[in-house]
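One structure is given below, encoded as structure tokens.
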Amino acid sequence: MDTSSQSAIVTAETSQAPAAPAAHGHGRDSFWLLTMGALGVVFGDIGTSPLYAMREALRHTRGDVGNHLAIFGVISLIFWALLLLVTIKYVIFLMRADNKGEGGTLALMALAQNALGRYSPMIFFLGICGAALFYGDSLITPALSVMSAIEGFKDAPNVGHSLDHLVVPVSIVILVVLFLVQSKGTEKVSRFFGPITLIWFLVIGGIGIRYIVERPDVLLALNPVYGVSFLISNGFTGFIILGSVFLVVTGAEALYADMGHFGRNPIGAAWLAVVFPALMLNYLGQGALCLIDPSAMGNPFWRMIPDLMYWPMLVLAAMATVIASQAVISGAYSMTQQAVQLGLLPRIDIRRTSETQAGQIFVPQVNTLLMIGVLMLIVAFRSSDALTSAYGIAVTGTMFISTVMAWVVIRKTWGWSRTRTLILLVPLGAIEAIFMASNLTKFFTGAWLPLAFGGAMILIMTTWTTGTRLLSEKARRDAISLTDLIEMLKKRPPHRAAGTAIFLTSDSDAAPVALMHNLKHNKVLHEKNIILSVVTTHAPRVSEDERIAIEVLNDDFKKVTVRYGFMESPNLPRALGLCRKQGLKFDIMATSFFLGKRNVVPSNNSGLPLWQDRLFIFLMKNATNPTDFFHIPPGRVVELGTQMTI
């Protein structure tokens, strides 16, 4: 099919106010329901970090640094990382940069482009990089989270023999089941996510309090002086340790990405009232335990658990990590939907698993690729210790990119002065850059993996966007103006066929390829002809009142533009049903949809290198059929094709 099947990106109105909606509903009950939902979906990843973050940071500490300074220093760094990067950056500031209530890398990219009032290649590329790195994060999070919970087998009490050999197979079974049930949807199960995650936070916070009471002096570790002294004492090793400390904030980007589902205020309330206090109580408790018993530094989280609670806690941890994995997997589906709508990826089969919840979607190709990738990671790394080296770099990259794009929104949309913006963003950007550099030191021990995966995604996205642009430009050069064609048809009227013909095109000013082929080969023109364009806006959703725009050219031809937000899935029959309100009436089941199908062949003279030309053609051939993508009745579709080079 020609470029008409790939929604074009145009600038549309976006939120000019810096505040996101408090909640998607009214009343106190709705607010607390959203807050409970946010606990399960938004904080699953960051909430399971205590399983491994403290352990990894202490494990990399130099041997000549005393235990007291190591424990106090790590806790200090953890506290200030959570305070600065999560509370200040996301909860207080970045979550105010909403795109009609939506957040996330691509929503921020669209908002920044709109704030500039023009297309910016740099912002566009940063958006692609952020989306690509998110896929790398989605690959590692399920493997690391589930394995870190199942590794509780290693310290299980009252077991006559080691259970280490069960960690990998049990993790594989849990994750395979998780991926296999995705096609069924998570609507029924997700209602339990919030309560389970709330129990998780209350339990880990309560366990932490037990040890803080025994060593209340651990509270002094919140002093930033200990963090600075710890880094200085460790020298270059301290710089490397920062990569492990960063594990405590992995998942923070979910606060912004999931804002459209729950609203800024419920997410902020959940963080400040439950998540942040529970996490810090647990980290302080782990530190207190290590002060009491230095041997616990090898695996402080599981050493905190009393024998009587151990197996119930192991089950709870497994459930919490499955919820964290589910949130990331669902996020990958949502990111894919946005990327397809914004023209960053070819059409992909996107299925709705709920008639009532817009965010409940299933993407079979992404699900299969993630499952294969996650299982390969578990088999290759075989422990959460090894996987932590691969974790973090994708998240730091995404965070740093969001800070850079936030500059445009804060300056252009919020109207802040340059000095005020620098005071906010430079310290945050500097901290993220240091964390990113620290994670890069783990390049050869695993950090290369998400970077390689992200690089592959960047290559695919840039190839697709460049290829579709070049194809559109060539089609425009070779096309006949629609107004010129109408004049030609007046002078030499063709045979007329009864009924309505709809021609899909990305350029409504040019005569569609399918129309030209219909005239050339079939030598007929329908009684009514609609030139239909599908446009994706920079807003997440478009209201039904603004969905359709109709322009009458003459008695034979009308232009219809259907507008969708980047969070929506196109359904052309449903959208065309709105035409009746504007006086354009036709029977969808007596209408023929004409699609122009372009068979692209590689060429040495194209605008892309030959290898990239072949990659673009591969992506085109494997794109979902436009009939399925746009939900057009299959029996009403006519495809007319041509062969061309880019």
Side-chain angles (χ1 to χ4, degrees), residues 7-22 84-85 88-134 252-253 255-260 263-265 267-268 335 338-339 341-344 397-433 461 465 469 535-543 546 563-567:
S7 300
I9 301 175
V10 298
T11 301
E13 69 283 354
T14 51
S15 175
Q16 297 300 316
L84 295 173
L85 294 184
I88 293 179
K89 178 183 175 179
Y90 283 101
V91 174
I92 296 179
F93 286 102
L94 193 57
M95 287 176 63
R96 297 172 62 215
D98 69 290
N99 191 338
K100 296 261 180 150
E102 294 290 342
T105 301
L106 294 181
L108 184 61
M109 179 195 76
L111 189 62
Q113 293 278 27
N114 193 68
L116 289 172
R118 57 180 172 79
Y119 172 77
S120 169
M122 177 59 70
I123 295 296
F124 185 71
F125 182 71
L126 286 174
I128 286 178
C129 291
L133 289 172
F134 180 83
E253 69 281 4
L255 276 74
Y256 187 46
D258 291 322
M259 184 169 61
R264 176 166 63 93
N265 290 341
I267 291 176
M335 179 70 75
Q338 294 180 42
Q341 284 294 91
L342 288 170
L344 305 181
T398 303
M399 283 186 170
F400 185 74
I401 286 170
S402 67
T403 299
V404 174
M405 290 195 292
W407 167 272
V408 177
V409 177
I410 292 173
R411 291 276 289 129
K412 300 291 184 181
T413 305
W414 296 5
W416 282 26
S417 67
R418 183 185 299 271
T419 302
R420 189 181 178 191
T421 309
L422 287 171
I423 290 173
L424 170 65
L425 295 184
V426 167
L428 293 174
I431 293 170
E432 289 164 349
M461 290 182 184
T465 53
R469 177 178 55 81
V535 173
T536 300
T537 73
H538 279 168
R541 293 179 179 83
V542 173
S543 67
E546 299 175 332
R563 301 166 71 247
Y564 287 100
F566 60 79
M567 293 288 290

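Quantities reported herein were computed from a predicted structural model and do not represent experimental measurements.
- Without hydrogens or angle criteria, Lys412 side chain to Gly117 main chain gives no donor-acceptor distance under 3.5 Å.
- Shown here for Met399 and Glu432, the closest heavy-atom pair between the two residues is O-OE1, 3.4 Å.
- No side-chain N or O of Gln113 forms a donor-acceptor pair with one of Ser120 less than 3.5 Å apart.
- Two residues are said to be in side-chain contact when any heavy atoms from C-beta on lie closer than 4.5 Å; His538 and Leu111 fail this criterion.
- In this structure, Ile123 CD1 and Asn114 CG are separated by 12.5 Å, a value rounded to the nearest 0.5 Å.
- Nearest heavy atom pair, residue Gly565 against residue Gln341, reads O-NE2, 3.6 Å.
- Here the side chains of Tyr564 and Val542 are not in contact, with every heavy-atom distance at 4.5 Å or above.
- Here the closest non-hydrogen pair linking Phe134 and Thr398 is N-OG1, 4.1 Å.
- The distance from the CD1 atom of Ile423 to the CZ atom of Arg418 is 13.0 Å, given to the nearest 0.5 Å.
- In this structure, Ile410 CD1 and Met405 CE are separated by 12.0 Å, a value rounded to the nearest 0.5 Å.
- Residues satisfying the side-chain hydrogen bond (donor to acceptor under 3.5 Å, both in side chains) test with Arg469, not counting sequence neighbours, are Glu473.
- Evaluation of the salt bridge (charged side-chain N to carboxylate O under 4.0 Å, His left out) test over residues 124-134, restricted to residues two or more places apart or in two chains, returns none.
- Nearest heavy atom pair, residue Ile401 against residue Cys129, reads CD1-CB, 3.6 Å.
- Considering every non-hydrogen atom in both Ala539 and Asn99, the closest pair reads CA-OD1, 3.9 Å.
- Checked against side-chain hydrogen bond (donor to acceptor under 3.5 Å, both in side chains), Thr105 has no partners two or more places apart in sequence or in another chain.
- Residue Leu106 holds its CG atom at 9.5 Å from CZ of Phe124, rounded to the nearest 0.5 Å.
- Atom CD1 in Ile267 sits 4.0 Å away from atom CE in Met95 (nearest 0.5 Å).
- Considering CG of Leu428 and OG1 of Thr403, their distance stands at 6.0 Å, rounded to 0.5 Å.
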Test side chain to side chain contact (heavy atoms under 4.5 Å, CB included) applied to Phe93 and Leu424, step by step: CA-CA 9 Å; Phe93 286 102; Leu424 170 65; 3.6 Å; yes
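- Using a distance-only test at 3.5 Å, with no hydrogens or angles considered, a donor-acceptor pair links the side chain of Arg563 to the main chain of Glu546.
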Worked verdict on Leu342 versus Phe566 for side chain to side chain contact (heavy atoms under 4.5 Å, CB included): CA-CA 6 Å; Leu342 288 170; Phe566 60 79; 3.8 Å; yes
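- Classified by interplanar angle (parallel below 30°, tilted 30° to 60°, perpendicular above 60°), the ring pair Tyr90/Tyr256 is tilted.
- Closest heavy-atom contact between Ala107 and Gln338: N-OE1, 4.0 Å.
- By the 4.5 Å heavy-atom criterion applied to side chains, Asp98 and Met259 are counted as neighbours.
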